[in-house]
Amino acid sequence: MTHETDSLHDHDRLAEIAALDLTNTEIDTVLQDVVEEAAESLNLPQAMVSVVLDEAQYFAAMHGVEGWMAATRGTPLEWSFCQHTARRKEIFVVEDATADELVKDSPLVRLEGQRCYAGVPMISSRGHVLGSFCVAGPDAHSFSPEELNELRRLAAKATARLEERRPAA
Amino acid sequence: MAYQFESDASVTSTPQRTVPGYELAPPSEQDLIMAMARMVGVEDARATWTGVRAACGPAHPESPMTLDQLHSAAELLAQRPGLKVPARAFAIRLNSYRMLSNLDSA
């Protein structure tokens, strides 16, 4: 586990995730149509809303995820592509993970066969990064500007739905 | 393929092998306390943990907790609004370890 100072450990960010109740399993139902639309629009097998927690990513909604990752609904944080999206607070694109310095050593690449990825940070109305709206697949893939714009659109749609869950002040 | 989390009586204070290739070790009691402390402060984390350990842990306070007991502790902590984020993260790491260990030994 990571113990060094890390922006992803920020108390207020984690409190925002808790306030929006993003670890509630009912979110999968709330966002299922959006992740399905993302996978279909970008013609990739996997689409997820990955909530970036302090030590793990949690798949609040997922499409096309199988095996142990579907059972655990997440992975350790240090393996995740979405940690980079969350830290950067900007879109993170990996066309070929085996050639990307940030992720090539991740077990998700070496052992699980993840090869391409595009993730858009999901940022709350209070400015906290909640996680990443992302697509992924087992083959190298070049993302067109149109595909990335569609991913941004769907990420905004998903984030808006999460904001609707915020308790009234 | 449907997966089930299998019970095991491993303890967290003794050295445990990592999952080959993944190099993933099981999360420890100390990891969870540190994560709790980030949310509620060290003193509150320790006080909370004392109660949770009494509820979920071994009868003897000095005995290490099994992975099953740690899982139960994380489930209990996930019910507390201020601690559900670190509790969920801990559970994902623990379940990942158990799943991958079972796959490796299958």
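Below, chain A is the first sequence line, B the second, and so on; all start at residue 1.
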- Is it the case that B:D31 and B:S28 place a side-chain donor and acceptor less than 3.5 Å from each other? yes
- Which atom pair, heavy atoms only, marks the closest approach of B:R98 to B:L67? NH1-O, 3.8 Å
- Answer with side chain, backbone, both or neither: which region of A:T23 has an atom nearer than 4.5 Å to a non-hydrogen atom of chain B? both
- Message: Is a donor from one side chain sitting under 3.5 angstrom from an acceptor on the other, for A:R152 and A:N149?
- Response: yes
- Could you check which of A:A18, A:A15, A:S106, A:G74 has the highest count of heavy-atom pairs closer than 4.5 Å to chain B? A:A18
- Query: Which bit of A:D21 is near chain B, if near means a heavy-atom gap under 4.5 Å: side chain, backbone, both or neither?
  - Reply: both
- Message: Can you tell me which of A:T75, A:I17, A:L53 forms the most heavy-atom pairs within a distance under 4.5 Å of chain B?
- Response: A:L53
- Query: Do the side chains of B:W49 and B:E29 get nearer than 4.5 Å, heavy atoms only?
  - Reply: yes
- Message: Could you check whether any side-chain heavy atom of A:Y117 comes within less than 4.5 Å of a side-chain heavy atom of A:D100, counting everything from C-beta outward?
- Response: no
- Message: Quick check on B:P86 against chain A: is it the side chain, the backbone, both or neither that has a heavy atom closer than 4.5 Å?
- Response: both
